[in-house]
There are 2 protein chains.
Amino acid sequence: MRSILRAQSGVRSEQELHADDPLFVQSIARAMQVLSSFHQAGRPLTLNEIATAAGIGKSAAQRVVHTLKTLGYIERDPDDRGYVPGIRILDHTLDYLRLNLLIARASPVLLELRRNVRERVDLSLRDDLRLVYASRLQSKRETFFATLVGHSVPVFCTSGGRAVMAHLSDGEVDDIITRSDRTPFTAKTLTEPDAIRKKVREARQNGYAVTLEEVLPGEVALGVAILGPAGVPRGAIHVAGSLGEWQAEEFCARFAPLAAEAARAISRF
Amino acid sequence: MRSILRAQSGVRSEQELHADDPLFVQSIARAMQVLSSFHQAGRPLTLNEIATAAGIGKSAAQRVVHTLKTLGYIERDPDDRGYVPGIRILDHTLDYLRLNLLIARASPVLLELRRNVRERVDLSLRDDLRLVYASRLQSKRETFFATLVGHSVPVFCTSGGRAVMAHLSDGEVDDIITRSDRTPFTAKTLTEPDAIRKKVREARQNGYAVTLEEVLPGEVALGVAILGPAGVPRGAIHVAGSLGEWQAEEFCARFAPLAAEAARAISRF
DNA sequence: ATTGCTTGTATTGCTGTGCGATACGACTGT
DNA sequence: ACAGTCGTATCGCACAGCAATACAAGCAAT
């Protein structure tokens with residue numbers, strides 16, 4: 001079992017792989033490496049921790065942090081002392097969300113969907129082995145993490161991911177499965193390739209995927225893929241509810257058609 | 001009047017101001033400058049547009065864009081062609097939100113507040129002349145922009161901003177007012193220094209601030225400041241509703257106490 | 001088709017930027 | 001008072017990154 005935090009580990013740490021690429025700017029990579037130090041961190045970091053995490057010398061870390069701090073991408077935490085990501089980050093978040101045409105045209109559809117479905121509605125975008133939540137519409141009771149944009153979950157064990165895989169070839173699905181870190185989140189997380197493949201086939205049949213407690217205990221989730229040009233799946237719509245309130249079948253019968261229609265409205269071939 | 005988009009213009013474009021700072025890494029600044037090109041953009045950008053917007057040569061832009069693309073911070077838009085911010089941005093968004101202790105401890109309080117108040121609840125953090133929305137809990141009907149994390153609004157004409165100014169000295173308030181670009185959003189936006197100062201004094205009296213249609217027509221908004229160590233205001237809680245449903249007085253009478261209590265729970269001296 | 005614009009990509013040599021190494025001062029806790 | 005952190009400051013050499021330029025690929029218009 002792994003913490004919900006670890007989902008982010010799908011992000012590879014690009015090291016000195018670019019030694020030969022003449023167009024590759026090392027210092028930018030270092031800067032981003034520094035910002036990425038925070039990915040594994042659970043609290044504000046010290047300069048030396050950043051240096052080690054980023055795999056660079058202390059001098060380099062000093063310069064980079066100084067620069068990023070000047071620019072507002074790193075701050076000192078007012079409560080604790082130590083460095084944290086700076087508020088300027090959010091400017092780029094906004095740019096990402098605004099300029100992503102898929103998100104823009106998804107937004108009204110999602111709000112409408114949320115109005116009909118009274119449960120949590122999420123929009124996620126695929127990034128290789130993971131789905132990154134880009135838009136989150138809460139239901140009444142939610143946890144901290146369920147409100148966070150940028151949170152990511154693996155493709156192989158989530159409803160949205162299965163729905164995405166349903167629109168990929170068997171080869172691609174296998175590729176995803178084998179390359180994924182399939183450490184289970186809960187006792188119910190399916191990790192066996194065959195079990196996952198079976199679920200994907202089901203999703204192909206139904207046009208949507210369901211997962212039961214594979215990421216969070218007590219959660220039923222339903223995912224429908226969003227397709228881009230050439231039928232390539234670009235992400236998914238998720239509807240999530242509590243097994244305390246719903247039978248899985250009823251949940252699907254009620255919400256799958258709505259979610260599917262929403263996904264269709266957003267998809268673009 | 002200005003578009004809601006222009007609020008972001010509070011971000012100064014740091015040019016070659018750092019010519020003498022020996023610790024300042026130029027190429028990082030250039031990279032961020034490139035990413036910031038998207039701030040003013042309304043659509044995917046071409047390489048040359050990026051070069052001009054960032055104020056650098058085409059060669060530099062080429063290298064930087066290539067690097068950022070390799071790292072996943074810039075992508076090509078699948079629909080339109082052109083460059084857009086990449087999904088890797090959202091990883092840093094998550095880091096920012098997770099590691100910001102204020103946001104972490106605000107989250108449950110906000111969710112609780114949202115449960116009692118059935119209107120939109122937002123958490124914003126101050127960045128000099130602006131407030132940046134870090135957490136957004138929608139009500140039933142919302143617009144696209146009202147759901148976007150990272151969106152920012154000026155301090156001088158928003159409920160949260162007035163609440164923040166209420167906890168600053170008169171000198172600091174004047175400083176904010178004079179340095180702000182006070183182009184009005186609506187016909188009701190207060191831009192006169194004296195009018196703003198008066199509103200700030202009211203906010204000091206009441207412990208909260210109200211604005212009527214100063215940013216969006218038909219909107220009543222209520223803001224309470226969140227204080228950090230030494231009583232420094234770090235941001236605000238916003239509750240926003242529609243004047244079609246509420247009288248301003250009733251809105252305040254009902255929600256101000258709740259919002260104030262929430263803000264107190266989050267504040268830390 | 002041919003032309004003329006734009007787009008993105010590739011190459012090279014010189015310049016000056018950014019890293020390593022190192023030293024220093026300010027805080028903590030024992 | 002001490003050892004152990006922390007962040008900051010300085011400086012010279014090596015090599016990373018920019019300007020300049022040329023090339024290729026796509027699109028519009030004639």
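Keep in mind that the numbers below use all heavy atoms, side chains included, and drop hydrogens, waters and symmetry copies. Each chain gets a letter, A, B and so on, in the order its sequence line appears, and its residues count up from 1.
Relative to the side chain of B:Ser59, the nucleotides D:dA20, D:dC6, C:dG8 differ in distance, and D:dA20 lies closest. Side-chain atoms of B:Thr46 lie closest to C:dG8 of the nucleotides D:dT8, D:dC18, C:dG8. With D:dC18, C:dC19, C:dA21 as the choices, the nucleotide that has an atom nearest any side-chain atom of B:Ala60 turns out to be D:dC18. The side chain of A:Tyr83 has D:dT8 as its nearest neighbour among C:dG8, D:dA19, D:dT8.
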Apply the test ring-ring contact (aromatic ring centres under 6.0 Å, His included) to residues A:His92 and B:His92: give CA-CA distance (whole Å), side-chain angles for both, the deciding distance (0.1 Å), then the verdict. CA-CA 9 Å; A:His92 298 287; B:His92 298 286; 9.8 Å; no

Check step by step if salt bridge (charged side-chain N to carboxylate O under 4.0 Å, His left out) holds for A:Arg204 and A:Asp170. CA-CA 11 Å; A:Arg204 288 202 185 110; A:Asp170 287 341; 3.1 Å; yes

Working note: A:Arg130 + A:Asp181, criterion salt bridge (charged side-chain N to carboxylate O under 4.0 Å, His left out); need CA distance, chi angles, decisive distance, verdict. CA-CA 11 Å; A:Arg130 21 169 232 159; A:Asp181 167 13; over 6 Å; no

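Remark: DNA chain D forms stems of 3 or more consecutive Watson-Crick or G-U wobble pairs, all pair distances under 3.5 Å, at C:1-6 with D:25-30, C:8-24 with D:7-23, C:26-28 with D:3-5.
Along DNA chain C, the nucleotide nearest to A:Gln62 and the one nearest to B:Leu47 differ in position, and the one closer to the 5' end is contacted by B:Leu47. The nearest heavy atom of DNA chain D to B:Ala61 and to B:Lys58 marks one nucleotide each, and the one closer to the 5' end goes with B:Ala61. Mapped onto DNA chain D by nearest heavy atom, A:Val25 and A:Arg63 fall at different nucleotides, with A:Arg63 at the one closer to the 5' end.
Rounded to whole Å, the distance from NZ on B:Lys69 to C1' on C:dT7 is 12 Å. Here D:dG4 presents its P atom at 18 Å from CD of A:Glu49, a figure rounded to the nearest Å. Separating the CD atom of A:Gln26 from the P atom of D:dA14 is a distance of 19 Å, rounded to the nearest angstrom. Look at CZ on A:Phe24: it is 18 Å from C1' on C:dA10, rounded to the nearest Å. Computed from coordinates, the B:Ile50 CD1 to C:dT9 P distance equals 11 Å when rounded to whole Å.
Using a 4.0 Å cut-off between charged side-chain N and carboxylate O, B:Asp127 and B:Arg234 make no salt bridge.
Here A:Arg30 does not reach the OP1 or OP2 of D:dA16: none of its side-chain N or O atoms lies under 4.0 Å away. The shortest distance between the side-chain N/O atoms of A:Ser27 and the OP1/OP2 oxygens of C:dT17 is not below 4.0 Å. For C:dT7, the OP1/OP2 oxygens have a side-chain nitrogen or oxygen of B:Asn48 closer than 4.0 Å.
Distance check: B:Leu102 CG to B:Leu99 CG gives 13.5 Å after rounding to the nearest 0.5 Å.
Using bins of under 30°, 30° to 60° and over 60° for the plane-to-plane angle, the ring pair A:Phe24/B:His66 lands in the perpendicular bin.
Among residues two or more places apart in sequence or in another chain, the side chain to side chain contact (heavy atoms under 4.5 Å, CB included) test is passed with A:Glu49 by A:Arg43, A:Leu45, A:Thr46.
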